[in-house]
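Following: one structure in structure tokens, then a few remarks.
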Amino acid sequence: MKRQDLRNIAIIAHVDHGKTTMVDQLLRQNGVFRTNEAVVDRVMDNGDIERERGITILAKNTAVHYKGVKINIIDTPGHADFGGEVERILSMVDGVLLLVDAVEGCMPQTRYVLKKALGLNKKAVVVINKVDRGGDPNQVIDQLIDLFIELGANDDQLDFVTVMASAKQGWASLKVGEVGKDMTPLLDTIIEQIPCPEGDTEDGLQAIICNIDYDEYVGRIGIGRIVRGTIKNGQQAIICHADGTHHQAKISKLYQFEGLRRVECESGSVGDIVAISGVDNLNIGETICDLNKIEALPFVKIDEPTLSMLFMVNNSPFAGKEGKYVTSRHLRARLFKEVETNVSMRVEETDSADSFKVFGRGELHLSILIETMRREGYEFAVSRPKVIYKTIDGVLCEPMEELVVDVPEEYVGAVMNKIGARKGDLKNMTPDDRGGTKLEFDIPSRCLIGYRSEMLTDTRGFGVMHHVLKGYEPYKGEVQERNRGSLVAWEDGATTSYGLFNAQERGNLFIGAGVNVYEGMIVGVNSREEDMVVNVCKKKQLTNNRASGSEEALKLITPTVMSLEQCLEFIADDELVEVTPKSIRLRKTILSKDLRLKHEAKLKKNM
């Protein structure tokens, strides 16, 4: 049976190509909001961190009605670090809207998400977005045709329809250069081109869970698609777990999506995307089956993590002063809870009861978790991110990234020198009509750690970089990572202007006057390669002697304030980032100077 009254689509694209803005317009023009209703931009990005950073982190469901057809729409993240969200969502839909920026064209994540969609045999409708900004849509279409062929698209997938659009202005058209009136051409194309769901409504129930949500009142909610049969409110069903076991449970409440709301319903049929509550221990990838026909569905394989990081209990002198959850029990429970919904993240226990190894898809993936936990009241410390190596056919291999850097022409040399020193191989170099150059590299993942801030400095803030995992290749050899040491506090106390004035001659400071510090805390970056211990708490000795010039006011240089991502990029292997709800501090793993020297001497002796 075909459901002609239903379409399921996911909107996929590179970061900042307009997915969430496109969903906004589809909702506005299909009567989801009242005429006088005040609606914020990017209404689907409802998380605090999402709105602050302007990125989508979690995939979200919505639905609109058009010409008697219900269109379920899933807004997906555009950043490569959250690719796991895209991979599992694709199993819920029958087709995708591939958004491409008319100016930027195909970017690394465009290739990545399209590869996943084509691999699952999904039909794509291409939307050239932001055509109001300029660019050459015909050139972008040519790039896309080459990309489809390169990724092995079949004849049906290659015969894609292209829609011109401006999500911000709220129009779409089917011809290049033609300005439309509204989103009608896009909605008509979705109904015509995206396959409708198919399945046997009379057969036994079979539904796959692809997302997990939580509600304070009803508890855990599983979101998934009905592949076969029908589901009813209050029905008894079998839950097939990933480990092969299964148990019987009751569907307490059943919901479907209408606009931005979950609406209670009595039943759902083949193709419907539903939310289910009342089932404990329901996880992503599990199957809900009929009592008399237990058949588990295979779940899409999620790509493996590429970075690891140690999360540990904070043991600094300031431990427990600012956080609400500070013990290893709290830390362990929170990390293992995260793994239940974040399918591309893994957590392992270590030899120490106070530290846990967390595996993720990239720096941003891990830093979002750190920032979320910090806002929830957790206090802990994290180590420097490290890449995960693999041995393939007896050869040590490391993860490689496809890196794209857009820079003004005058900074191309500086960028190429830095990336060349980091084992990057230039693959393509394309000038654009805006006086910039698009550089494409293959580079080891470990060599990108810490490069973003360097690139922004080298390009005076004009450079933009994006990267996506390419695969594993043989180890490329050692690379010098950080060529400047740290300025480390000598004693506990509050910083003084006098002490900082003397220390700022040694490098760049991270803190100002009147800040409490402890021995081993990093207060700045040295201008030389080695670490230097400085006394930033030193006070000026007062005497009865006076001399001209000695009472001049001390001028302090404004300290550099680093974000969480910059802190993670900055630290070396023997340093940690201390994270609390109120502060982010850098510190040495071994706080005492004497113990650090003994440890270094021991390492040299064993080499």
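Keep in mind the model is a prediction, meaning the values are calculated, not measured.
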**Test ring-ring contact (aromatic ring centres under 6.0 Å, His included) applied to His14 and His466, step by step** = CA-CA 9 Å; His14 185 77; His466 300 285; 4.3 Å; yes
**Request:** Take Asp442 and Leu403 through the test side-chain contact (heavy atoms from CB on, under 4.5 Å) and record every step on the way to the result.
**Result:** CA-CA 6 Å; Asp442 285 348; Leu403 171 67; over 6 Å; no
**Request:** Apply side-chain contact (heavy atoms from CB on, under 4.5 Å) to the pair Leu187 and Leu26, showing each step before the final yes or no.
**Result:** CA-CA 8 Å; Leu187 291 164; Leu26 293 175; 3.8 Å; yes
**Request:** Output, in order, the C-alpha distance, side-chain angles, deciding distance and verdict of side-chain contact (heavy atoms from CB on, under 4.5 Å) for Leu97 and Leu186.
**Result:** CA-CA 10 Å; Leu97 286 188; Leu186 177 59; 4.2 Å; yes
**Message:** Go through it in stages, so that I can follow the logic: the residues are Asp213 and Arg262, the test is side-chain contact (heavy atoms from CB on, under 4.5 Å), and I'd like the CA-CA distance, side-chain angles, deciding distance and then a yes or no.
**Reply:** CA-CA 12 Å; Asp213 200 357; Arg262 278 196 298 260; 2.8 Å; yes
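Remark: side-chain polar atoms of Gln206 are not paired, donor with acceptor, to backbone N or O of Cys289 under 3.5 angstrom. With Asn129 contributing its side chain and Leu99 its backbone, the two residues share no donor-acceptor pair below 3.5 Å. Side chain of Glu258 to main chain of Val263: no donor-acceptor pair is present (N/O by atom type, distance under 3.5 Å, no hydrogens or angles). Put simply, the side chain of Lys438 never gets that close to the backbone of Val405: no donor and acceptor are under 3.5 Å apart. Judged by distance alone, with hydrogens and angles left aside, the side-chain atoms of Thr391 form no donor-acceptor pair with the main-chain N or O of Gly394 at under 3.5 Å. Formation of a donor-acceptor pair under 3.5 Å by the Arg3 side chain with backbone atoms of Cys196 is not found in this model.
With respect to Arg228, the salt bridge (charged side-chain N to carboxylate O under 4.0 Å, His left out) criterion is satisfied by exactly one of Glu198, Glu202, Glu295: Glu295.
Met465 has its side chain out of reach of Val404: every pair of non-hydrogen atoms, C-beta onward, lies at least 4.5 Å apart. Contact check for Asn121 versus Asn154: side-chain heavy atoms found under the 4.5 Å cut-off. The closest side-chain heavy-atom distance from Val415 to Leu439 is below 4.5 Å. In this structure the side chain of Leu205 never reaches within 4.5 angstrom of the side chain of Thr230, judged on heavy atoms. For the pair Lys423 and Val479, the minimum side-chain heavy-atom distance is below 4.5 Å. Under the 4.5 Å side-chain criterion, counting only non-hydrogen atoms from C-beta, Thr287 is not in contact with Ile209. Using a 4.5 Å heavy-atom cutoff, the side chains of Asn8 and Leu6 are in contact. Within the 4.5 Å cutoff, the side chain of Pro305 has heavy atoms near those of the Ile388 side chain.
A salt bridge links Lys293 with Asp203; the closest basic N to acidic carboxylate O contact falls under 4.0 Å. Salt bridge absent: Glu304 and Arg361 never bring a charged side-chain N and a carboxylate O closer than 4.0 Å. Under the 4.0 Å criterion applied to side-chain N and carboxylate O atoms, Arg225 and Asp94 are assigned as salt-bridge partners.
With rounding to the nearest 0.5 angstrom, the CG atom of Asp5 is 11.5 Å from the CD1 atom of Ile71. Here the straight-line distance linking atom NZ of Lys337 with atom CD of Glu340 works out to 8.5 Å at 0.5 Å rounding. Atom NZ in Lys123 sits 13.0 Å away from atom CG in Leu98 (nearest 0.5 Å). Atom CG of residue Leu144 and atom SG of residue Cys106 lie 4.0 Å apart, to the nearest 0.5 angstrom. Between atom CD1 of residue Ile226 and atom OG1 of residue Thr201 there is a gap of 11.0 Å, rounded to the nearest 0.5 Å. In this structure, Ile288 CD1 and Ile238 CD1 are separated by 11.0 Å, a value rounded to the nearest 0.5 Å.
Legend: salt bridge (charged side-chain N to carboxylate O under 4.0 Å, His left out) pairs involving residues 124-151, not counting sequence neighbours, sorted by first then second residue: Asp101-Lys130, Asp101-Arg133, Arg111-Glu150. For residues 117-150, every residue pair satisfying the ring pair (Phe, Tyr, Trp, His ring centres under 6.0 Å) rule, not counting sequence neighbours, is listed here: Phe148-Phe160. For residues 164-181, no residue pair satisfies the salt bridge (charged side-chain N to carboxylate O under 4.0 Å, His left out) rule, not counting sequence neighbours. Counting only residues at least two apart or in different chains, side-chain hydrogen bond (donor to acceptor under 3.5 Å, both in side chains) contacts with residues 392-405 comprise Glu398-Arg446, Glu401-Ser445, Glu401-His467.
For Asp182, the side chain to side chain donor-acceptor pair (under 3.5 Å) criterion is met by Thr184, not counting sequence neighbours. Take Glu338 and apply the salt bridge (Lys or Arg N to Asp or Glu O under 4.0 Å) test, not counting sequence neighbours, and it matches Arg334.
The shortest heavy-atom contact between Lys122 and Gly95 is CB-CA, 4.4 Å. Across all non-hydrogen atoms, the minimal contact from Leu282 to Ile212 is O-CD1, 3.3 Å. The shortest non-hydrogen separation linking Trp171 to Gly180 is CE3-N, 3.2 Å. Minimum heavy-atom separation, Ala275 to Ile221: CB-CG2, 3.7 Å. Across all non-hydrogen atoms, the minimal contact from Ser367 to Leu364 is OG-O, 3.1 Å. The two residues Ala10 and Thr76 make their nearest non-hydrogen contact at CB-CG2, 4.4 Å.
For His246 and Glu286, the side-chain atoms include no donor-acceptor pair closer than 3.5 Å. Between the side chains of Asn72 and Arg7, not a single donor N or O lies within less than 3.5 Å of an accepting N or O. Between His365 and Asn342, the side chains place a donor N or O and an acceptor N or O closer than 3.5 Å (distance only, hydrogens not considered). Side chains of Arg220 and Asn283: a donor on one and an acceptor on the other come within 3.5 Å.
Atom NZ of Lys476 has more than 12 neighbouring heavy atoms from other residues, nucleotides or ligands inside a 6.0 Å radius. Around atom NZ of Lys2, no more than 12 heavy atoms belonging to other residues, nucleotides or ligands sit under 6.0 Å away. Few gaps surround CD on Glu473; more than 12 heavy atoms of other groups in view lie less than 6.0 Å from it. The number of heavy-atom neighbours closer than 6.0 Å to CZ of Phe462, taken from other residues, nucleotides and ligands shown, is 12 or below.
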